[in-house]
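Counting starts at 1 for both ligands and their atoms, in listed order.
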Amino acid sequence: MYSKITLILLLTISFSPILCSAATSSNLLLRGSSLSVEDSSNVLVSPNGTFSCGFHEVGINSFTFSMWFSKSYNKTIAWSANRNSPVNGKGSRVVFHKDGNMVLMDYNGEVVWSTDTSGSGANHAELLENGNLVIMDNSGKYLWQSFDNPTDTLLPGQPITLKTKLISANVSLNSSSHYACRYSDDNMVSLIYEAVELSAIYWPQPGTNSWSNSRWSSNSTRYGILDDHGYFKSSDNLTFYASDFKEEGIKRRLTLDYDGNLRLYSLDERNGSWSVSWQAFSQQCLVHGLCGKSGICVYSPKPSCSCPPGYEMRDSSNWSKGCKATFSSSCAEKMKLVMLPQTDFWGSDYYSVQGISVNECRMKCRRDCSCVGLQYMKSSRACILKSSLYNGNTYPGHWGTIYLKVPVTMNVLRSSIPQSGLEVPEVQNPSCNGSHDVTEHFSKTKHKESAVFLYLLSFALAILIIEALFITIGWWFMFRKEVGPIEVLDGYKKMTNNFQRYTYKELVKATKNFKDEIGRGGSGVVYKGIFYDERLVAVKKLDVVTQGEEEFQAELSVIGRINHMNLVQVCGFCSEGPHRILVSEYVENGSLDKILFDVAQDGNICLGWHERYKIAAGVAKGLAYLHHECLEWVLHCDVKPGNILLDADLEPKIADFGLAKLLNRGSPNHEMSQIRGTRGYIAPEWAFNLPITAKADVYSFGVVLLELVTGVSVSNMATVVGDERDVRMRDLIETAKRKSNGDEPNWVSGFVDTRLEMNFDCSQAAAMVKLAVSCMEEERSKRPSMSDALQILLSLY
Ligand SMILES: *[C@@H]1O[C@H](CO)[C@@H](O)[C@H](O)[C@H]1NC(C)=O
Ligand SMILES: *[C@@H]1O[C@H](CO)[C@@H](O)[C@H](O)[C@H]1NC(C)=O
Ligand SMILES: *[C@@H]1O[C@H](CO)[C@@H](O)[C@H](O)[C@H]1NC(C)=O
Ligand SMILES: *[C@@H]1O[C@H](CO)[C@@H](O)[C@H](O)[C@H]1NC(C)=O
Ligand SMILES: *[C@@H]1O[C@H](CO)[C@@H](O)[C@H](O)[C@H]1NC(C)=O
Ligand SMILES: *[C@@H]1O[C@H](CO)[C@@H](O)[C@H](O)[C@H]1NC(C)=O
Ligand SMILES: *[C@@H]1O[C@H](CO)[C@@H](O)[C@H](O)[C@H]1NC(C)=O
Ligand SMILES: *[C@@H]1O[C@H](CO)[C@@H](O)[C@H](O)[C@H]1NC(C)=O
Ligand SMILES: *[C@@H]1O[C@H](CO)[C@@H](O)[C@H](O)[C@H]1NC(C)=O
């Protein structure tokens with residue numbers, strides 16, 4: 001007992017000189033000194049006093065190690081080390097250890113945060129005048145800097161790069177804070193709503209292409225910076241100016257606010273107040289996720305939330321939980337549709353078709369149990385059915401019209417339809433006051449008129465078509481000899497920008513009657529084709545297509561819109577009689593399995609380590625885009641080397657995506673009826689009949705990672721009995737798991753393909769094996785998401 005106390009005393013005495021306090025109001029923290037939470041004057045101050053860095057109280061007895069603007073009236077935090085894990089108000093301290101590591105310790109000595117700079121020759125920490133807290137060595141080189149680790153704010157001179165992102169703070173606790181600002185996989189600075197049930201980019205505005213918002217997605221530099229004059233410029237050609245641009249000496253900050261808007265602020269140093277000098281959105285309601293599921297953002301005139309008719313708030317204290325239906329949405333009940341003018345719910349479209357009437361569209365929704373509402377666009381006669389309602393907003397002059405499904409028996413009050421202030425548009429039939437069903441009435445009167453109109457229209461159309469036929473036939477006979485390639489053009493029906501419909505005849509011609517087979521997969525045979533303009537394409541004949549023509553086209557119009565460097569671009573289709581054919585870009589180097597596993601190819605060098613890592617990262621980018629950033633949520637469900645194509649630079653492109661049923665974000669029934677996928681790559685949940693989520697693709701990606709490292713195909717792990725390969729796979733994973741947690745130094749070399757002759761990056765290989773193991777967890781909640789996986793791979797690139 002006595003000896004223990006002596007020991008403790010001895011320890012305390014021997015350590016206390018190291019932990020002496022730093023001199024107050026300095027901008028330096030030297031090795032061996034510390035800042036303690038109890039002494040509030042114990043802060044670092046930048047040379048001219050613009051920034052202070054020390055402990056900041058965030059709640060009762062809880063503190064963060066933060067940096068703030070000294071001269072703002074209300075304390076404005078520019079950076080925090082431990083925003084999400086505050087420390088105790090007694091005994092916590094920041095210590096710059098003698099070994100060069102700076103750590104934040106809680107009252108009990110637990111290290112909450114550290115700069116991981118031990119043994120790197122760190123000399124001191126310094127708070128610079130621009131708000132950068134840096135750790136330097138003797139020569140003045142930065143070993144660590146707070147500019148690389150922003151929280152929700154960028155300061156002038158602090159770049160946003162490939163690796164940095166801003167995450168909004170949850171200041172107002174009644175709204176969620178799932179907003180991020182970072183470079184998307186399309187190389188554009190984006191604002192992203194990242195929640196568990198759905199995640200989507202909302203700025204730049206979804207649905208517009210990079211060209212129309214004058215951004216560039218082709219520059220992969222990913223670097224943006226705000227200068228001292230209030231001018232921001234990024235590699236994607238995003239630029240903006242502060243409204244007080246060029247005024248010298250103004251302190252500015254670019255902050256992703258808790259409401260999801262990105263704002264540039266300027267400080268008025270006379271009274272310490274901030275004013276907004278630029279913001280990403282003037283229409284706050286266009287930010288995603290503000291009002292939760294089924295909620296609608298209205299201006300009253302401040303943005304606030306409201307529930308549509310037939311819905312009520314799920315949790316009266318928290319809008320981010322959204323609204324729930326007051327009726328049971330059983331399919332048996334008779335439903336009607338209520339019109340919400342000037343309203344839109346963004347996303348969750350599961351079906352869309354063009355050129356049908358509003359009544360046909362309403363009919364489709366009524367007949368379909370999974371339809372909760374529809375959107376109809378008069379101009380293009382487009383009908384979009386929705387499986388759930390997210391990101392609702394309404395304002396006067398809004399282009400959208402939404403129809404919501406409610407029970408026939410429900411009385412819908414006009415006043416219950418959310419409307420923004422200002423001029424509320426006049427609703428039909430003023431003689432009915434109070435309870436009347438806006439749409440039902442609307443559709444009845446419209447119906448008679450449109451019947452007459454349709455009759456006349458079809459008559460006129462018939463005449464036109466006959467006339468056109470005569471002209472075409474005449475023209476055909478006259479010019480038959482001269483028309484070369486031009487006749488092919490006539491067969492095109494443009495669906496979207498570069499997505500075309502081909503006739504069967506054109507494809508027969510392009511593929512020379514399906515002569516040159518280049519691949520064979522679960523869904524069909526692929527042929528090489530060449531068009532009149534010498535464009536090479538891959539033409540895939542799908543074998544089993546049970547869908548009708550309309551459904552097929554609707555799914556394809558989504559696939560056609562998907563455009564990403566690491567996804568094979570689908571450029572057209574053919575749907576004639578029994579034929580269902582996809583046309584996509586031709587990728588030069590064929591599939592990964594051939595290059596990775598074909599040992600027989602003599603003289604052909606095997607893939608080097610760098611290429612393998614690039615392929616892993618590229619596949620992760622493509623899948624992350626499909627899962628998280630696509631207009632629609634798409635699962636691949638058949639990720640394997642045979643579906644990973646390599647272009648001339650060995651950049652991977654994923655093929656065959658979108659053939660699995662397109663899933664809707666956030667819809668509870670993420671189920672797939674039929675097993676898709678390839679033995680060895682499919683996740684265990686397929687066998688247990690569990691609903692299939694994005695995590696099934698993550699599993700298959702894990703298998704591919706392992707194959708990239710080992711160079712051995714899972715199908716080659718099979719010996720005789722089918723199940724044995726699974727056993728051997730499990731063995732391999734168990735070994736990897738054990739070794740990666742052990743402390744054997746060179747454990748990973750035992751896994752790496754011997755053909756590489758030890759030429760590989762050890763930390764990358766270790767990360768890949770570890771990631772593969774976590775992707776292949778039996779329990780899918782333990783698997784990382786595709787974007788987490790991508791972050792891990794990019795961090796070691
Ligand atoms: C600090 O203030 C001095 C005098 O006001 C000024 O000359 C100098 O440029 C300032 N330094 C920085 C880094 O702003
Ligand atoms: C605040 O947001 C962060 C990031 O989204 C999250 O990790 C943290 O749990 C949130 N904190 C609270 C108190 O909600
Ligand atoms: C509100 O709901 C969201 C999402 O359900 C949750 O993250 C958040 O913590 C809730 N806020 C409060 C104050 O309960
Ligand atoms: C959050 O609460 C504040 C008052 O506590 C209220 O003014 C604000 O409208 C609420 N936000 C939302 C989105 O409802
Ligand atoms: C870049 O943006 C400017 C305006 O900010 C525009 O004039 C220019 O055309 C854009 N460049 C490209 C290549 O989009
Ligand atoms: C990409 O962006 C960087 C940084 O803005 C710029 O220096 C470079 O010239 C750009 N590259 C192209 C091809 O535009
Ligand atoms: C601070 O001063 C500016 C200009 O002098 C003024 O516009 C602003 O309203 C003031 N802010 C506060 C909070 O007093
Ligand atoms: C400080 O914050 C309060 C409450 O948020 C606000 O009303 C006040 O205007 C702020 N003062 C300045 C100078 O910004
Ligand atoms: C209009 O509403 C008032 C009260 O809500 C009711 O007394 C009156 O009968 C209604 N008029 C018609 C024409 O329905």
message = Determine whether any protein heavy atom is located less than 4.0 Å from atom 2 (O) of ligand 6.
response = yes
task = Please check if a non-hydrogen protein atom sits closer than 4.0 Å to atom 9 (O) of ligand 6.
result =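 Flag for atom 9 (O) of ligand 6 set to false, no protein heavy atom closer than 4.0 Å.
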request  = Check whether the side chains of N132 and S146 place a donor and an acceptor atom closer than 3.5 Å, and report yes or no.
outcome  = yes
ask   = In terms of side-chain heavy atoms, does W274 have a donor or acceptor partner in S266 at a distance below 3.5 Å?
value = no
task = Measure across F232 and I160 and return the closest heavy-atom pair with its distance rounded to 0.1 Å.
result = CZ-CG2, 4.1 Å
inquiry  = Are more than 12 heavy atoms, taken from residues, nucleotides or ligands other than K246, located less than 6.0 Å from that residue's NZ atom?
reply    = no
ask   = So, for F147 and W79, is the gap between ring centers shorter than 6.0 Å?
value =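 Not under 6.0 Å, so no.
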ask   = Short list, please: which atoms of ligand 8 are under 4.0 Å from a heavy atom of Y73?
value =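 Those qualifying, in numeric order: 11 (N), 12 (C), 13 (C).
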Nitrogen or oxygen atoms of S234 and ligand 6 under 3.5 Å apart =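 Between S234 and ligand 6 (N or O atoms, distance only) the closest approach is not under 3.5 Å.
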message = Once salt bridge (charged side-chain N to carboxylate O under 4.0 Å, His left out) is applied, what residue pairs with a partner in residues 45-58 remain, sequence neighbours excluded?
response = none
request  = Mark up the atoms of ligand 6 that fall under 4.0 Å of a heavy atom belonging to W216, in ascending order.
outcome  = 12 (C), 14 (O)
ask   = Considering only heavy atoms of S235, which atoms of ligand 6 have at least one such atom less than 4.0 Å away?
value = 2 (O), 4 (C), 5 (O)
note = Check: of D268, N74, T76, min heavy-atom distance to atom 14 (O) of ligand 8 comes from N74
ask   = Which residue from N219, N187, D236, N237 reaches closest to atom 12 (C) of ligand 6 through any of its heavy atoms?
value =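 Considering heavy atoms of N219, N187, D236, N237, the nearest to atom 12 (C) of ligand 6 sits in N219.
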